[in-house]
Protein chains: 4
Amino acid sequence: MSQQHMSPPKRRGRPPNQLAQARILKAAHDILTEDGFGRLTVEAVAARSGVGKPTIYRQWANASELAMAALMSGDPGIIAGGGTSLRSALTGQMRSLIQAFATTRGRQIAMTLAAADPESEFTKAFRNQVILSSREAGRALLLEAAARGELVLQQDLEVLLDMIYGPVFYRLLVGHRSLDTGFADSIVAIALEAVAARADG
Amino acid sequence: MSQQHMSPPKRRGRPPNQLAQARILKAAHDILTEDGFGRLTVEAVAARSGVGKPTIYRQWANASELAMAALMSGDPGIIAGGGTSLRSALTGQMRSLIQAFATTRGRQIAMTLAAADPESEFTKAFRNQVILSSREAGRALLLEAAARGELVLQQDLEVLLDMIYGPVFYRLLVGHRSLDTGFADSIVAIALEAVAARADG
Amino acid sequence: MSQQHMSPPKRRGRPPNQLAQARILKAAHDILTEDGFGRLTVEAVAARSGVGKPTIYRQWANASELAMAALMSGDPGIIAGGGTSLRSALTGQMRSLIQAFATTRGRQIAMTLAAADPESEFTKAFRNQVILSSREAGRALLLEAAARGELVLQQDLEVLLDMIYGPVFYRLLVGHRSLDTGFADSIVAIALEAVAARADG
Amino acid sequence: MSQQHMSPPKRRGRPPNQLAQARILKAAHDILTEDGFGRLTVEAVAARSGVGKPTIYRQWANASELAMAALMSGDPGIIAGGGTSLRSALTGQMRSLIQAFATTRGRQIAMTLAAADPESEFTKAFRNQVILSSREAGRALLLEAAARGELVLQQDLEVLLDMIYGPVFYRLLVGHRSLDTGFADSIVAIALEAVAARADG
DNA sequence: ATATAAACGAGACGGTACGTCCCGTCTTTCG
DNA sequence: CGAAAGACGGGACGTACCGTCTCGTTTATAT
């Protein structure tokens, strides 16, 4: 009869057990926070979640993908802080980004990304959702400000975004200096000076 | 006590085989370029170099350190290109840096760093020699230019350096956009505009 | 097991699909001849026959029973060759038995029997139909000959039968010598000499 | 097992740990007697013996070979009973053979042999040492008796041996009748009557 | 006609064991 | 006495099947 609008595909066999998936992600997340990325093995997750290994492998190709899924599952996403001006909005976002990444989690995210197959679809989703979502939010802030006439953006917006968000991962990966709120503020300050200079010129 | 006259200590027994170290590094380097970081195991290096595993473990604590050693051994170091102005010198350096990292090697360096124990002395040496040497060279260029009066640097030089060199590793790690010479030029351009604006202010 | 002439209970619901059973046995038989006993898994049979696993498990408890069913389904049964004398009849039967077992099938039968639960009803049926049917036919031949006065049988007929048919499975299992028609003839010759000697005494 | 007086080849590396091998065989033997052939997995043996799985796989290709090794390790070998006449010697040997095989061990031996790769060198050794050693002892007894003039052997000695020893494995594998001393006696009686008849003719 | 019910295909489930790879340590013999 | 060779206990890998359990889909009898 009428399929309405949302037609679920209604596959034939027994459907995946949603509870099992949740338990897997919970166990993976716990191992990640308690023991670190190096201990996140498929075997350990299976043992901890009370799930068979094949059930894990049905969904994720290896421990890296599982780690990414676990890191994504608890991630609320970095939302642009609702400031009134570009500077305050951007500063708010950078501060919360850095706060979220300054913990062990940040380094785990970097390690996971480094270990993952860069071509995998899963990796791309992780990249977009966890790594680049803040960058996209920043892009939106900059474009809105440009639309308001606060600044003039030229063709190298991509590079500008990389110069704002790249340093966070740089410090995370290399560890030569700490991540703190002052770092967030300084990045925004320098970036806005560059844009302002350009707007002036 | 007294070392007498003999300058070499002349320890008893068979001396360490210098050639073995070279063969180990050669094998590690070859595996790295042919099979990638994931295949660089102590076992594989021992087999390929015809050296016993204990001989490797005597010098390096694990495969990560060995990878770092291999990556360091062939590294000529990024030297600041000898331009006349700050812009040309910095652009030259960034171009050669990006050229050196755009290949598979760049990602291997990032993976190695992510996998390594961040506290180990070996990792610190690797970080300084391979990752931060370019940053230090950039610092020198900026300080020289400031000494020449080309610009005025204030207290956030560290952040500025991170905004110049961080984006390279950001793209390397995340892979959302390519590394090319245009990227190098744009980074330098934006960075100098920020400094100029500040100098103006 | 089967209620042939009883009024069919006409249970409600969909009746078992006869075709499915045939396809399962066909697939099991094909796998057995193509890939061997070790590859006869319930999973493989289900995949090859296009039948769900539960459909198989509804009829057979495990892969061993399925193997036995497949081996029984194609089995014409060893019938005593219709010779005029005991010697010719027995020789004919032994020859055809050995011919039937000299192929891969013989070893598969031995392996299946070894792997099966010796207490299971299914195993007993297999044993009687596939393994012991020839022995029973031989018993009939001997008893007929005794009735005709050709020989005198005493109380150890069971042992005599084992000495006639046991060597076939012995060579099959151990593989120290080949199964051929000469073997059949020699067994009959020795057995008859033993019986004749006894008849004389 | 050990070649005592042979000049040792003096291989380079660390020699195999004899204790580990012994512990593996002990564990395999215990599992075999306690849980049966079906539970003799490499994993279980490794866990029980406190040995790594690769240490087992270095010596045996799979669980079947390990089972054969365990069955061989505790086997004293069937020695011909020292009777004065052929009949008493053969009867003694058959009785002890049947006594040794009437337990669970006998069926395990049959199952192991059925499951093993018949071409493997290991299987051949097992066959010779465990299965055929009694047959060879019987051959010796018969040949000695022939040399003493007790009987005349003709060309089908191989078949005669199979008719003596085959029935034991036949009953073991098929399980249609029990193994007991009466069975041993009857086999010898019938076999000797066959030989005697032949000698008379 | 319409329930009702059984058997179907599909396929995910919790498990067990597989055989392999590599770890980092150790023990032995050779140079 | 260091270096090579190589076995060791250990841990995780990713795969194959096990036998069980939902599912949604036929296909039949019974209302």
Side-chain angles (χ1 to χ4, degrees), chain A residues 10-21 23 39-47 49-63, chain B residues 11-17 19-20 39-44 46-47 49-58 61-63, chain C residues 9-17 19-20 39-47 49-63, chain D residues 8-21 23 39-47 49-59 61-63:
Chain A
K10 283 291 180 194
R11 299 199 310 156
R12 274 297 283 279
R14 175 177 178 173
N17 183 352
Q18 308 258 297
L19 179 59
Q21 309 298 319
R23 277 196 292 160
R39 296 303 183 103
L40 183 73
T41 66
V42 172
E43 202 120 280
V45 171
S49 64
V51 145
K53 281 204 292 173
T55 299
I56 297 177
Y57 279 110
R58 240 168 249 128
Q59 209 73 19
W60 298 279
N62 48 53
Chain B
R11 295 192 303 160
R12 289 179 38 180
R14 180 174 176 172
N17 185 351
L19 181 58
R39 298 297 185 140
L40 183 73
T41 66
V42 172
E43 204 117 65
S49 63
V51 144
K53 284 202 289 173
T55 304
I56 296 176
Y57 278 111
R58 225 167 269 126
N62 48 51
Chain C
K10 279 294 179 191
R11 294 195 306 158
R12 290 179 43 170
R14 177 177 179 171
N17 184 353
L19 179 58
R39 296 298 183 144
L40 183 72
T41 66
V42 172
E43 204 118 72
V45 172
S49 64
V51 144
K53 283 202 289 173
T55 302
I56 297 176
Y57 279 109
R58 232 167 258 128
Q59 209 74 348
W60 297 280
N62 48 52
Chain D
K10 285 293 179 191
R11 298 200 309 156
R12 276 295 284 277
R14 174 178 178 172
N17 183 352
Q18 308 259 302
L19 178 59
Q21 310 298 319
R23 277 196 292 161
R39 296 303 182 103
L40 183 71
T41 66
V42 173
E43 202 121 277
V45 171
S49 65
V51 144
K53 280 204 292 173
T55 300
I56 296 177
Y57 279 110
R58 239 168 250 128
Q59 208 75 17
N62 47 52

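Letters A, B, ... mirror the listed sequences (proteins, then strands); counts begin at 1. Note that the structure is a prediction, hence the values are computed from the model and not measured.
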What nucleotide, of dA12(E), dC8(E), dC23(F), holds the atom closest to the side chain of Pro16(C)?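 When the side chain of Pro16(C) is considered, dC8(E) is the closest of dA12(E), dC8(E), dC23(F).
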Non-neighbouring partners of [X] that pass side-chain contact (heavy atoms from CB on, under 4.5 Å), sequence neighbours left out:
X        : answer
Arg39(D) : Ile31(D), Asp35(D)
Glu43(B) : Thr41(B), Lys53(B)
Arg58(B) : Pro54(B), Thr55(B)

Is the distance from OP1 or OP2 of dA12(E) to the nearest side-chain N or O of Thr55(A) less than 4.0 Å?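 Checking dA12(E) against Thr55(A), no side-chain N or O comes under 4.0 Å of OP1 or OP2.
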Report yes if a side-chain nitrogen or oxygen of Thr41(B) is closer than 4.0 Å to either non-bridging phosphate oxygen (OP1 or OP2) of dC21(E); otherwise report no.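 It does not, given that no N or O in the side chain of Thr41(B) lies less than 4.0 Å from OP1 or OP2 of dC21(E).
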Assign [X] to base, sugar-phosphate, or nothing according to its heavy-atom contacts below 4.0 angstrom with the strands shown.
X        : answer
Gln21(A) : sugar-phosphate
Arg39(D) : nothing
Gln18(A) : nothing

Value in whole Å for how far the [atom2] atom of [N] lies from [atom1] of [X]:
X        : N       : atom1 : atom2 : value
Tyr57(B) : dT25(E) : OH    : C1'   : 9 Å
Ile56(D) : dC8(F)  : CD1   : P     : 10 Å
Arg58(B) : dA3(F)  : CZ    : C1'   : 6 Å
Trp60(C) : dG19(F) : CH2   : P     : 14 Å
Asn17(A) : dA12(E) : CG    : C1'   : 9 Å
Leu19(C) : dT26(F) : CG    : P     : 17 Å

Quick check: any donor-acceptor pair below 3.5 Å linking the side-chain of Lys53(A) to the base of dG15(E)?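 Flag unset: no donor-acceptor pair detected.
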When only distance counts, do a donor and an acceptor, one from the side chain of Arg14(A) and one from the base of dC21(F), lie under 3.5 Å apart?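 Yes, the side chain and the base share a sub-3.5 Å donor-acceptor pair.
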Map Gly50(A) and Ala63(B) onto DNA chain E by nearest heavy atom, then report which one ends up closer to the 5' terminus.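 Mapping each residue to its closest nucleotide by heavy atoms, the 5'-most match is Gly50(A).
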For Gly52(C) and for Glu43(B), find the nucleotide of DNA chain E with the closest heavy atom, then tell me which residue's nucleotide is more 5'.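 That would be Gly52(C).
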On DNA chain F, check which nucleotide each of Ala44(A) and Pro54(D) is closest to and give me the residue with the more 5' one.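 First, find each residue's nearest nucleotide; the 5'-ward one identifies Pro54(D).
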DNA chain F: Arg23(D) or Val42(C), which has the more 5' nearest nucleotide?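 The answer here is Arg23(D).
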For [X] and [Y], which heavy atoms make the closest approach, and how far apart are they?
X        : Y        : result
Gly52(A) : Ala46(A) : C-CB, 4.4 Å
Ala63(C) : Leu40(C) : CB-O, 3.5 Å
Tyr57(D) : Asn62(D) : CE2-CA, 4.5 Å

State the OG-CD1 distance between Ser49(A) and Ile56(A), to the nearest 0.5 angstrom.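 Going from OG on Ser49(A) over to CD1 on Ile56(A), the span is 5.0 Å.
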pair Gln21(A)-Asn17(A): side-chain heavy atoms closer than 4.5 Å: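 A side-chain contact is absent here, since even the closest heavy-atom pair is not under 4.5 Å.
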Axis-to-axis angle between the two ends of the helix from dA1(E)-dT31(F) to dG31(E)-dC1(F) (five base pairs per end, rounded to 10 degrees):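 End-to-end axis angle: 10°.
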